[in-house]
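Computation of the quantities below employed the complete heavy-atom set of this structure, encompassing side-chain atoms and omitting hydrogens, waters and symmetry-equivalent molecules.
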Amino acid sequence: MDELDARLRAMAKQEDWPLPPAYETAMDGLEEQIRQGTLVRAVNRRLGKRVLILAAVLAVLACGFAVAAERMGWLSPVVDDGDSGLLETCSVQVDQTVEGNHCNLTLENAITDGRVIYCLVTARYDETFPDIDKVVEDTLLMAGSWADVISCWRVDQGKEPNTARFILATGQVSENAPENREESYLGREVELVVKMLSDRDTGVMHVIETYTFHVRMNDSIPVREAGWPDGTQAVVTPLRAEVWFPVEETSHDLWLEDPQSAVTWEEDFLTKQASTLRFADGGTLEMEDALTQRIQRGTHAIHMEFVEASEGETTSRCHLSLLSPRLLDPDSVTGLELNGQWYEFPAA
């Protein structure tokens with residue numbers, strides 16, 4: 001695992017993220033309009049629940065960061081429910097604040113679907129605190145001894161100086177999970193531990209702040225499940241969509257022979273998958289919409305694993321778990337479009 005870890009880190013460092021030419025041209029134009037005072041601004045616009053990211057502001061403040069951060073999922077909109085009422089009926093209003101050495105953290109809201117937890121938090125930090133955007137990349141939320149879902153993305157700068165709001169996700173979704181897998185989080189008193197890490201002062205990554213919250217999670221949440229004759233299955237909750245489908249070839253043997261080849265094979269396999277969940281209102285959840293999950297520092301992707309064939313099955317299955325940037329309404333799912341095939345959900 002140490003060798004694999006080193007190779008993954010090297011791959012992440014070598015990855016080139018150039019700014020698209022069209023993006024640079026658009027941002028240059030916006031910046032020039034701002035400087036000349038000719039930028040057309042909308043007036044009397046009512047902000048909805050989603051955070052509106054102003055491209056003009058990003059162009060002036062952090063054009064390069066915006067592109068990299070968007071790839072990490074930090075600039076995703078605030079998780080909302082599309083006016084479906086799910087947030088109000090299913091989430092838990094927490095409003096707990098824990099003081100840290102140089103940063104106080106307030107847990108505002110939490111919601112779980114049993115396997116995954118989303119938390120909305122606000123950080124208030126002093127002038128000595130490290131760059132908050134770098135800290136966000138290295139902030140972890142745990143709700144047990146281990147997790148295979150770890151994600152943190154920036155929501156906004158906050159309403160006051162030296163504040164930032166972001167959403168943390170954690171959970172256990174793997175079918176290849178060890179025996180100490182947590183029971184469903186629904187209705188449980190859960191200890192949520194947030195750890196912020198930084199290497200600014202020492203050059204070595206270490207924990208600089210730790211916060212512990214105790215939250216009684218929501219008791220229930222809508223879930224929609226469906227299965228089809230070819231072995232494809234889907235589960236949709238307000239927080240995520242999970243899809244299982246049969247595959248002829250997996251990377252299991254490659255991991256034993258050559259871990260680097262296994263990583264490359266899985267990356268290629270993932271780019272070829274096309275999954276779109278469709279809803280009655282015309283909305284969709286596609287793979288590119290899914291929030292990335294942290295594999296390790298600098299390496300982010302959606303959760304994918306291969307599940308070996310069980311008794312009575314003839315082929316292995318691929319398992320995709322897609323975190324949603326908005327709360328989904330499982331009852332309004334109409335179907336799944338997967339690699340050119342249409343799978344209709346039965347009536348709710």
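Inter-residue side-chain proximity for Val121 and Val194 is flagged as unmet; no heavy-atom pair is nearer than 4.5 Å. Side-chain contact between Thr170 and Val149 is absent, with no heavy atoms from C-beta onward closer than 4.5 Å. By the 4.5 Å heavy-atom criterion applied to side chains, Glu175 and Trp244 are counted as neighbours. Side-chain atoms of Thr334 and Glu344, non-hydrogen and from C-beta on, never get closer than 4.5 Å to each other. Ile150 is not listed as a side-chain neighbour of Leu141, based on a closest heavy-atom distance of 4.5 Å or more.
The aromatic rings of His319 and His303 lie perpendicular to each other, with more than 60° between the two planes, well past the 30° mark.
Considering only residues two or more places apart in sequence or on other chains, Phe345 meets the ring pair (Phe, Tyr, Trp, His ring centres under 6.0 Å) condition with Trp228. Residues forming a side chain to side chain contact (heavy atoms under 4.5 Å, CB included) with Gln172 (at least two apart in sequence, or on another chain): Arg115, Trp146, Asp148, Arg181, Glu182, Tyr185.
Atom CD of Glu99 has 12 or fewer neighbouring heavy atoms from other residues, nucleotides or ligands inside a 6.0 Å radius. Summarising the local packing, CD of Glu127 is surrounded by 12 or fewer heavy atoms from other residues, nucleotides or ligands at distances under 6.0 Å.
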Would you check, one step at a time, whether the test side-chain contact (heavy atoms from CB on, under 4.5 Å) holds for Asp138 with Met196? CA-CA 6 Å; Asp138 296 305; Met196 293 181 172; over 6 Å; no
Yes or no on side-chain contact (heavy atoms from CB on, under 4.5 Å) for Ile111 and Leu327, after CA distance, side-chain angles and deciding distance? CA-CA 10 Å; Ile111 186 171; Leu327 292 188; 4.2 Å; yes
Applying side-chain contact (heavy atoms from CB on, under 4.5 Å) to Leu197 and His206, what does each step give before you reach the verdict? CA-CA 5 Å; Leu197 294 83; His206 65 287; over 6 Å; no
Take Trp265 and Gln260, measure what side-chain hydrogen bond (donor to acceptor under 3.5 Å, both in side chains) needs, and give me the verdict at the end. CA-CA 9 Å; Trp265 190 93; Gln260 182 59 52; over 6 Å; no
Before giving the answer on side-chain hydrogen bond (donor to acceptor under 3.5 Å, both in side chains), spell out for Glu191 and His214 the whole-Å C-alpha distance, their side-chain angles and the decisive distance to 0.1 Å. CA-CA 5 Å; Glu191 181 179 82; His214 291 89; 3.2 Å; yes
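Here CE of Met287 is found 9.0 Å from CG of Leu338. Values are rounded to the nearest 0.5 Å. Here CD1 of Ile132 is found 12.5 Å from CD of Glu137. Values are rounded to the nearest 0.5 Å. Summarising the geometry, atom CG belonging to Asp113 is positioned 4.5 Å from atom CG belonging to Leu239; distances are rounded to the nearest 0.5 Å. Distance CD/Glu267 to OG/Ser251: 11.5 Å, rounded to 0.5 Å. Here CG of Asn109 is found 5.0 Å from CD of Gln93. Values are rounded to the nearest 0.5 Å. Here the CG-OG1 distance, from Asp289 to Thr284, works out to 5.5 Å after rounding to the nearest 0.5 Å.
Among all heavy-atom pairs drawn from Tyr118 and Leu323, the shortest one is OH-CB, 3.5 Å.
Each of Val236, Thr276, Leu328 was scored for a side chain to side chain contact (heavy atoms under 4.5 Å, CB included) with Leu285, with one residue passing: Leu328.
The pair Glu209-Lys195 fails the salt-bridge criterion, with no side-chain N (NZ, NE, NH1 or NH2) lying under 4.0 Å from an Asp/Glu carboxylate O. Between Arg317 and Glu308 there is no salt bridge, since no side-chain N of the basic residue sits under 4.0 Å from a carboxylate O of the acidic one.
Pairs of residues two or more places apart, or lying in two chains, never qualify as salt bridge (charged side-chain N to carboxylate O under 4.0 Å, His left out) while including a residue from residues 221-230.
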